[in-house]
Every structure is written in structure tokens, then in C-alpha cells.
Number of protein chains: 2
Amino acid sequence: MARTQGSHSDITGPRIREAALRLFAQHGYAAVSMRQIAKEVGVQAGALYNYTPDKQSLLFNLMAGHMAELQAAWDSVPQADSALKRLRAFTGFHIRFHLERPDAVFIAYMELRNLTEENFTVIESLRRDYENGVEGILKQGVEQGEFAVPDTKIATLAVIAMLNGVNTWYRSEGRLSLDEVERVYWGMVQKAVST
Amino acid sequence: MARTQGSHSDITGPRIREAALRLFAQHGYAAVSMRQIAKEVGVQAGALYNYTPDKQSLLFNLMAGHMAELQAAWDSVPQADSALKRLRAFTGFHIRFHLERPDAVFIAYMELRNLTEENFTVIESLRRDYENGVEGILKQGVEQGEFAVPDTKIATLAVIAMLNGVNTWYRSEGRLSLDEVERVYWGMVQKAVST
DNA sequence: CTTTTTTCTGAACATTCGTTCAGTTATTGT
DNA sequence: ACAATAACTGAACGAATGTTCAGAAAAAAG
């Protein structure tokens, strides 16, 4: 056997990335073999190398793609004038974006240690960009007297960490709807940074 | 060669656990081989099996030990009467305990997916016990009118997630002292749950 | 000193790993 | 219809994996 019926680059490529994403999130990068990914796609291990130069690049591209998507999505959210409204918009955006991609989120900060040094630097830089956007909101709020935080950098990380926590427990079949979750978290975020 | 000079069970045992803890935290459970751990200790791989039946038990015991320590340490903290004081004590305790054991903390919630099903159940149960203790404080605070949170379970997870975030950025040589970090976080926690 | 026990070595085991590649087949272009 | 290209197979590579075990040496017990 060789090339199979209906085989296409534009189909196999995404399927490989999807399978890798799910398996990496489930078992961890190091614990997943190229053969497992191939099996999931319905292909032999060697075929993967038509789509990625190696396993490391597969991981890196998943993470870099996720971070780029995250930044682009947030950039496309219209910004209000007041810091309070902007922070509220961010809270909702961050929760929803992350709940829609639990696997990518999980990988993006669980598999940092499995990146090569250069790849790690790139991802870390993307993450910092995103964090800086949030810190900008807090700084604005402090300047305009809407917020009171002793340290905007720490507050930024604290808010993000708190929101990230949703991914560890939220289930769509669960007790609370997405709107309710958003409202509860916004209540806490708002109070935490308020004057 | 065989048994080496000065070899002792009470020395090698802890050294194996220390090496495993550090290596697992640094590279991940699946990415660390028994030979790497052995090399760190200065021993051959086979010798490790005098101290652990297998690699999985090594991981499980590290995690279970950490969770037991955590619970015991918190249990030994004297409890104040008011919920506000208790929550303040918890905030300080949690931050300090976790900053003192970054590797164990990292492993305890990064390597959950590498546990067997039964081992996972055990660790999850220990974690829930700890979380329930915190929720008890919030419940008390709500009953006594000191706190206002729409959902004590979510608030518990949000507070813990926020505090856990400290481990991702705190460095002892950094800009802020431990006391300052504690004060900043307590400020945010307090406001987040306040009426 | 002699015996027993504890601690470790070094080699071996079957598996699995990431990756390469010559060959084969389906698809595309002419 | 035929030629060219893209997509994949299947086998192979050396290296590394977790684990076992007979034997050797050091330490402890007598």
C-alpha cells in the first residue's frame, strides 16, 4: 500500500494538529508518541513528517498558534472608554475564550518546560504581550481613580490566575451557565480591584 | 563493584525522593527516566527499586506526601473566631507554604494526569478535603454577614487559584518581600469576598 | 573473626521511541 | 492517454525506556 484513497494535505494537516492537541492535553507531550498521533489520524507514523519537521515543532506551532489567536481575538474586542468597562469586557472575553479551548489552554502553560530554549522565549514573549494589555487596563483605572491596587503587575497576574481557574472545574453540563459564571467572576474581580 | 562505601538506606531513600521531585518538576514525569534519577543520586538505576516498587509509586508518594503535609500544616494553624481573621490566616499560610515548596506544588497539580486511576482518586480526595476547609471559612463568613459571595464553592476555587498564581512569578531576590506579597494578596482576597 | 543481612552493580530483557527513506499508489496537470 | 507530482506505506535505524536479577561488596550482628 501507499497513498490511500481520498488522501489530502488540507485534510490530514488539520487532523494531525487536532489529534496532537487532544493527546498532548490528555497525557502530556512527553507521554504521547508520534505513533499514537498517527493512529488517531488513521495514518502511519512516517506520514506525519510531511506536515511537521519534528515532534517539537508540532508542539511549538500549537502553542504559538493558540497565543496568536488569543491576542488577535482580544484585539478585535471593541474597547470602551472607562477602565471599569474594559476590565469587565476582558473578564468575559477571557473566560469564554479559554472555556472554548480547554486543551489549547492546558497545553499552553503545562508544556512550557518541554519547549526548546528558543521556542520557550517566543511563547513567553507572546504571553507577556497579552498580560501587558491587561495591566494597561489596571493602570488606566488606577490613574483615573476607579481602581485601587498597590501593584498593577501583581494584580494583573492575580486576576488572570483567578480567571484561569475556571478551566479546572467548569463543565457545560454543570450547575452554572456561562453567563452566571461570568457574572460571579466579574463580581469578584471588580471588588478585588475596586477602591 | 557492588555495595559502595558509606551506603545507607536512610540516606539514599530521601536523596532519591529529592532528586525525583526536582527532576519531575523541571522536565515532567514522563520526560524523566529512572536512569536520570539514579545518576543524580550517584547510583545505578537498579538500586532505585530497593526504595520504590516502580516509577508510578515514586510519583504517587511524592504527591500524597505533599498533600498530607499541606493538610497537617494547615490543621496546626490556630483558628481565630471570626471568618475574616481565619481567611486572613489562610491567605498567609497558603502563600508561604506553597512558596516554600515550589517543586512539590508544581508536581501536585501538573502530574495528576500521569497518575493511575486509583492513585488519582486518592490525590483528588485529599485536594477536596483541603478545599472544603477553605469553603468552610467562606460559608461561616457569609452566615455571619462578613462576606458576600454568590457561590462559596466557586469563590473558594477562585481564591485558591489566585493565591496559587504567586508561585508562577515570585522570586526571593525579586522586588517584593514575602510580607509585602502577603499583604497585597490579602488586600485583594479580602475585597473580593467582602460585602 | 565469622556469619548474616543490607545495599548496590552491571548486564540483560523485551518494548518503545523519534526519525528516515525507498518504493507504491492516488491524484493532478497536460 | 500519459507524465508528473503529492501523499502515504512499511520496514528499518540506533538509542532509550522501565524493570529484573544473579552476584559482589560493605555493614551489622553474633
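All of these numbers come straight from a predicted model, not from anything done at the bench. In what follows, chains are A, B, ... by sequence order, proteins preceding strands, each numbered from 1.
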Residue-phosphate contact under 4.0 Å: [X] side-chain N/O, [N] OP1/OP2:
X: A/Thr4; N: D/dT9; value: no
X: B/Thr12; N: C/dC8; value: yes
X: A/Ser33; N: C/dT16; value: no
X: A/Tyr51; N: D/dC8; value: yes

Compare the minimum distances between each of [options] and the side chain of [X], then state the nucleotide with the smallest one.
X: B/His8; options: C/dT19, D/dA28, D/dG18; value: D/dA28
X: A/Gln36; options: C/dC8, D/dG18, C/dC17; value: C/dC17
X: B/Arg3; options: D/dC8, C/dT9, D/dA27; value: D/dA27

I'd like to check [X] versus [Y] (side-chain heavy atoms, cut-off strictly below 4.5 Å). Are they in contact?
X: A/Leu70; Y: A/Met67; value: yes
X: A/Arg17; Y: A/Tyr51; value: no
X: A/Val134; Y: A/His94; value: no

Spacing of [X] atom [atom1] relative to [N] atom [atom2], expressed in whole Å:
X: B/Ile16; N: D/dT19; atom1: CD1; atom2: C1'; value: 15 Å
X: A/Gln44; N: C/dA22; atom1: CD; atom2: C1'; value: 15 Å
X: B/Gln56; N: D/dG18; atom1: CD; atom2: C1'; value: 13 Å
X: A/Leu48; N: D/dA7; atom1: CG; atom2: C1'; value: 12 Å
X: B/Lys39; N: C/dC8; atom1: NZ; atom2: P; value: 19 Å
X: B/Asn50; N: D/dA25; atom1: CG; atom2: P; value: 18 Å
X: B/Tyr49; N: D/dT19; atom1: OH; atom2: P; value: 4 Å
X: B/Lys55; N: D/dT17; atom1: NZ; atom2: P; value: 9 Å

Any ion pair linking A/Arg15 and A/Glu18 (charged N to carboxylate O, less than 4.0 Å)?
->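 Salt bridge flag = no for A/Arg15 with A/Glu18.
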
Are any of the side-chain nitrogens in A/Glu146 or A/Arg88 under 4.0 Å away from the carboxylate oxygens of its partner?
->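 Salt bridge absent between A/Glu146 and A/Arg88.
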
Hey, which of these two, B/Ala47 or A/Val43, hits DNA chain D nearer its 5' end, going by closest nucleotide?
->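 With B/Ala47 and A/Val43 compared, the 5'-side residue is A/Val43.
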
By nearest nucleotide on DNA chain D, pick out whichever of A/Arg35 and B/Asp54 is the more 5' one.
->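 Looking at DNA chain D, the more 5' nearest nucleotide goes with A/Arg35.
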
For A/Val41, which contact category applies under a 4.0 Å heavy-atom criterion: base, sugar-phosphate, or nothing?
->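 Answer is nothing: A/Val41 stays at 4.0 Å or more from every strand.
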
